[in-house]
Chemist: 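Shown below is the structure under consideration.
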Amino acid sequence: MTSTFIAAVNLLIIFIGVSRYLSTINLMGSAILEQNAKEAETLAPPVPIRIRTSSEKRKQEHLSSSLSPTSEQREPAFCPKCRYKYSSESCKNRAKFLAKKYTGGDLAEARQKLYREHPTHCRQQQINISAHDLCFVTAEFSDAPTDMDSLPILDEDMRTDPPRHFVFTNQPSLSAPLGWRRIVLDEVELPYRRQITKSRWPKFMGWQHPSLQHCEVVFYGDAYLMNPINETNWLEMARDIKQNPVGLMQDKQIGLSGNNKPITELRKVAKEGKLSTELSEKTITWLLNQSDYDEDAIVYKNAIFGYDPRNAKVQQLMHDFWSIYAKEELSWRDQPIWSYLMARERMRPLHLHRKGGKIFGEFGQKGHGGHVYVPQNILNVPAKPKKKDRFQNL
């Protein structure tokens, strides 16, 4: 018993001694490390202070502001449903790409660039367009009722009561097929020399007429082809027009090569007898004298287009067009002047789409000699094989 107790005491003494020894070793090690660190700090060469240039400061400030959680630039003003054009890429991601590539990370500037150059298609707000809100407009002006386009007979499914198909004319005796509403405008209301100028008023300014004030979207079409079908497709296009900031929908003109397409178009239609050579050259001179004329301007098909009559940009564009065209000093063909103004205002319309199949039924017949007004211009031009109407597949 006594020997066992003595052995236990001895073991305890040894354990205490070892613990104190290890503690002393740790303290000595820490002291040595601290001393070495102080000596290294004393002997180390001073770190040079680099003064940032003014451009680097601006870049850092710009980056800090663009990445700040409280900054307005933190998130683009696009909802997740906004799509770049009609692609699967979101406008938000597109803006980030533009910010990285062109604007040094500035998302606010990238948003403006995206909006300015590539109008976005946003599905955030559901636009409800009823059949009555969608209007179709055409024009029939001539010195004789027998020299006009023949209006197509509307598909029964497209007719509404009251009618939403409007034909503007100067001929009270014009027979309007079932589904059409005739609106007669006399010389007091349209005091212009040319019948073709009078026909352009409903085309570009018809949205001002009292009969069209209920229209949310207007589609204009030349009389002979204005036989829309597939209601669902037209309503979808109308919703797209309302949701787009440009508020326009029309296709590009095809068959024009090279630069200066407005001028190419003017010379082309003169050779086809659709415009006098004198007015063609006069309009070319006028365009080239405009300081803001763009040689890369796109020429669009004006035989059919849709627009939002409540869109301020569209209204201003049409006012500007009419202030030039109505003077009756330049081309009576409206595409060149329209092209010039569209390029000047940087307006890129949506394209007509045919997701639900064809959008036109059987056409009527062209009047005015097949829309040839200066037949003597084509006497010396070799005859070309007759082509299928380019709108027949629409």
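Nothing here was measured: the structure is a model prediction, and the numbers come from that model.
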Chemist: Among F321, Y307, F168, W322, whose ring pair (Phe, Tyr, Trp, His ring centres under 6.0 Å) with F204 holds?
Modeler: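 One option only clears the test, and that one is F321.
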Chemist: Salt bridge check, E345 against K313: does any charged N sit closer than 4.0 Å to a carboxylate O?
Modeler: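 Looking at K313 and E345, the cut-off is not met.
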Chemist: Do you know which of Y220, W338, Y300 makes side-chain hydrogen bond (donor to acceptor under 3.5 Å, both in side chains) with Q250?
Modeler: W338
Chemist: Linking I/L/V/M/F/W/Y whenever their side-chain heavy atoms sit closer than 4.5 Å, directly or via other members, would I229 and M249 fall into one cluster?
Modeler: no
Chemist: Identify which one of W234, W207, F360 satisfies the ring pair (Phe, Tyr, Trp, His ring centres under 6.0 Å) criterion when paired with F219.
Modeler: W234
Chemist: Check the pair F166, H209 against ring pair (Phe, Tyr, Trp, His ring centres under 6.0 Å), reporting the backbone distance first and the verdict last.
Modeler: CA-CA 11 Å; F166 300 88; H209 195 273; 8.3 Å; no
Chemist: Might you work through the side-chain contact (heavy atoms from CB on, under 4.5 Å) test for I298 and M342, ending with a clear yes or no?
Modeler: CA-CA 8 Å; I298 298 171; M342 291 277 279; over 6 Å; no
Chemist: Indicate, with yes or no, if L275 and L288 share a hydrophobic cluster defined by side-chain heavy-atom contacts under 4.5 Å among Ile, Leu, Val, Met, Phe, Trp and Tyr.
Modeler: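 Yes; tracing contacts between hydrophobic side chains, which count when under 4.5 Å, links both residues.
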Chemist: What are the two closest non-hydrogen atoms of R181 and P163, and how far apart are they?
Modeler: CB-CB, 4.1 Å
Chemist: Apply side-chain contact (heavy atoms from CB on, under 4.5 Å) to the pair H319 and M205, showing each step before the final yes or no.
Modeler: CA-CA 8 Å; H319 275 298; M205 303 300 290; 3.6 Å; yes
Chemist: Decide if atom CD1 of I324 counts as having more than 12 heavy atoms of other residues, nucleotides or ligands within a radius under 6.0 Å.
Modeler: yes
Chemist: Kindly write out the residues that satisfy salt bridge (Lys or Arg N to Asp or Glu O under 4.0 Å) with E329, not counting sequence neighbours, or none if the list is empty.
Modeler: none
Chemist: Run the salt-bridge test on E278 and K282 with the 4.0 Å N-O cut-off and return the result as yes or no.
Modeler: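 K282 and E278: not salt-bridged.
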Chemist: State plainly whether one hydrophobic cluster holds both L134 and W180, where clusters connect Ile, Leu, Val, Met, Phe, Trp and Tyr through side-chain heavy atoms under 4.5 angstrom apart.
Modeler: yes
Chemist: Using every non-hydrogen atom in the two residues, find where S280 and R267 come nearest and quote the distance to one decimal.
Modeler: OG-N, 3.9 Å
Chemist: Let me check something: do L350 and F136 share a hydrophobic cluster, defined by ILVMFWY side-chain heavy atoms less than 4.5 Å apart, either directly or through other members?
Modeler: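 Both belong to a single hydrophobic cluster.
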Chemist: Linking I/L/V/M/F/W/Y whenever any side-chain heavy atoms sit under 4.5 Å apart, do L256 and I337 land together?
Modeler: no
Chemist: Look at the aromatic rings of Y340 and W286 and report parallel, tilted or perpendicular, splitting at 30° and 60°.
Modeler: perpendicular
Chemist: Once you round to the nearest 0.5 Å, how far does CZ of R193 lie from CH2 of W332?
Modeler: 10.5 Å
Chemist: Closest approach of A238 and V217, non-hydrogen atoms and distance?
Modeler: O-CG2, 3.5 Å
Chemist: Take atom CD in Q213; do more than 12 heavy atoms of anything else shown fall under 6.0 Å from it?
Modeler: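 Check passes, neighbour count above 12.
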